[in-house]
Protein chains: 2
Amino acid sequence: MATPLEKAHKDPESMKARILAVACRIFGEYGFHGTTTRMIAQEVGIDISTLHYHWGEKKDLYEAVILDINKDLGQKLIDVEKIIHGLPLSERMAIAIDTMTDYFFARPEISNIMLFRYIAKTRDNVDLRVPEFTADIARSMGLTRKSPHHTPPRAMLEVLAVMNAIHNFISGENFFRPMVNLEREEYIKTVKETLKFVLIPAFVQREGET
Amino acid sequence: MATPLEKAHKDPESMKARILAVACRIFGEYGFHGTTTRMIAQEVGIDISTLHYHWGEKKDLYEAVILDINKDLGQKLIDVEKIIHGLPLSERMAIAIDTMTDYFFARPEISNIMLFRYIAKTRDNVDLRVPEFTADIARSMGLTRKSPHHTPPRAMLEVLAVMNAIHNFISGENFFRPMVNLEREEYIKTVKETLKFVLIPAFVQREGET
DNA sequence: GTTTGCTTCCATCAAATGATGGAGAGAGTA
DNA sequence: TACTCTCTCCATCATTTGATGGAAGCAAAC
């Protein structure tokens, strides 16, 4: 039997879920050390002790955030994979880039948290076993044909290059958009064009060579 | 007449310069809020008051770090530009990617700090007018031929895509290298190959079309 | 109405953190 | 020697921050 707390976790209106959602956003903006439990509590409109009551230590909440966005991201990747399955490579990539870019722009916390995990150390080590999708994406992109059950380093890095290129434009919006002086919609559109222009030709060209 | 402190700033053995170098590394690893003045002082082997004596507030030191790496990066870009000037596009890009990747791997703090600035907010706003090189790189890559005195948004984003792709692999080394299970040297080599493979064809192909 | 269990807030604490004043060490100079 | 100037450290402070105990609120169960 699920405890009330466990049930509450599923209900997006529940306090526990509301805290998680806000924590996700704030951690994404300021990083682990840049975020204080008080910032999150204030944004939710509650006392910090309520926050600690639901999630325990700050580190625990942060881990919950990571697991949460990872679950969401994994589901999204499965959805996209279904849509693009069977299409020619150039279309597969174009649709995947469009779809994932829209998704990340709608939930920039995800890109933020992913990048923070990649580049930032944490004083109190928040190391946590989280499912990694890079190898799956490599398979989905057809980069593992020669060795279906093993993902070569080169294929992994190619996937990371693509994914991170997307993340960067989402997480860097506050910095880049003033640089290029575009409205939000126009920025998103140009980002998509740029990503497709830069990322697709290499893969299509290689495919044609075989 | 330069004060002793000003003179010291130039001497890399001086206390002020030693603090700056360590601060650069630590801020790069942990970000602004993840870094404490005590961490820096301890790494240098001095008291925090000595650190404050030379650099004032934490924020001032951080700004000094940003200005310092920016100056260095600007000089490096000028050097590279000289080397690749006049070569065909594909060679220009290959050499630039190789050279810049080596440079950032040798000084990962630069990639770290750049990415931190792009993606992370700071509670106490550290906003600071720093020269931006994106437009210059766009010019150097020949992306502004149609409008030599204005850099279109699209060209800016293309440059950012290229530069950030490099930064990501350097800053993400701690995260990515265990994923692909490569020794450092092998990782660097594969990163370079991957970057050149992913980034060059798009630009070369477009050039051929005109 | 009373009891029970879950949730929330107030008051408070201990540790971490940014920052400073002032004493002392040391080198150079008169 | 006495003086000055620069640099460094020790002691200390005020604030921020993560965290907790306990009282109060509140709804459902008895």
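Sequence lines set the chain letters: A, B, ... in the order given, protein chains first and strands last, and positions in each chain run from 1.
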Does [N] have OP1 or OP2 under 4.0 Å away from a side-chain N or O of [X]?
X	N	value
A:H54	C:dC6	no
B:T50	D:dC9	yes
A:S49	C:dC9	no
B:Y53	D:dT8	no

In whole angstrom, give the distance that lies between atom [atom1] of [X] and atom [atom2] of [N].
X	N	atom1	atom2	value
A:M39	D:dG18	CE	P	10 Å
A:E57	C:dA15	CD	C1'	14 Å
B:R38	D:dC10	CZ	P	13 Å
A:D47	D:dA19	CG	P	14 Å
A:H33	D:dT16	NE2	P	19 Å
B:Q42	D:dT8	CD	C1'	17 Å
A:L51	C:dC10	CG	C1'	16 Å
B:I40	C:dA16	CD1	P	18 Å

Side-chain ion pair, [X] and [Y], N-O less than 4.0 Å:
X	Y	value
B:R107	B:D72	yes
A:D79	A:K76	no
B:E185	B:K189	no
B:E63	B:K59	no

| When the nearest nucleotide of DNA chain D is assigned to B:I46 and to A:K58 on a heavy-atom basis, which residue is associated with the more 5' position? |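 Nearer the 5' end of the strand: B:I46.
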
| request: Taking only the side-chain heavy atoms of A:T36 (C-beta and beyond), determine which of C:dG18, D:dA19, D:dT17 contains the nearest atom. | output: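 Out of C:dG18, D:dA19, D:dT17, the nucleotide with an atom closest to A:T36's side chain is D:dT17.
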
| task | Tell me which nucleotide among D:dG18, D:dT16, C:dG18 gets nearest to the side chain of B:R123. | result |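 Nearest listed nucleotide: D:dT16.
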
| request: Mind telling me whether A:F32 and A:F27 have parallel, tilted or perpendicular rings, with 30° and 60° as the class edges? | output: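 Aromatic pair A:F27/A:F32 classed parallel.
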
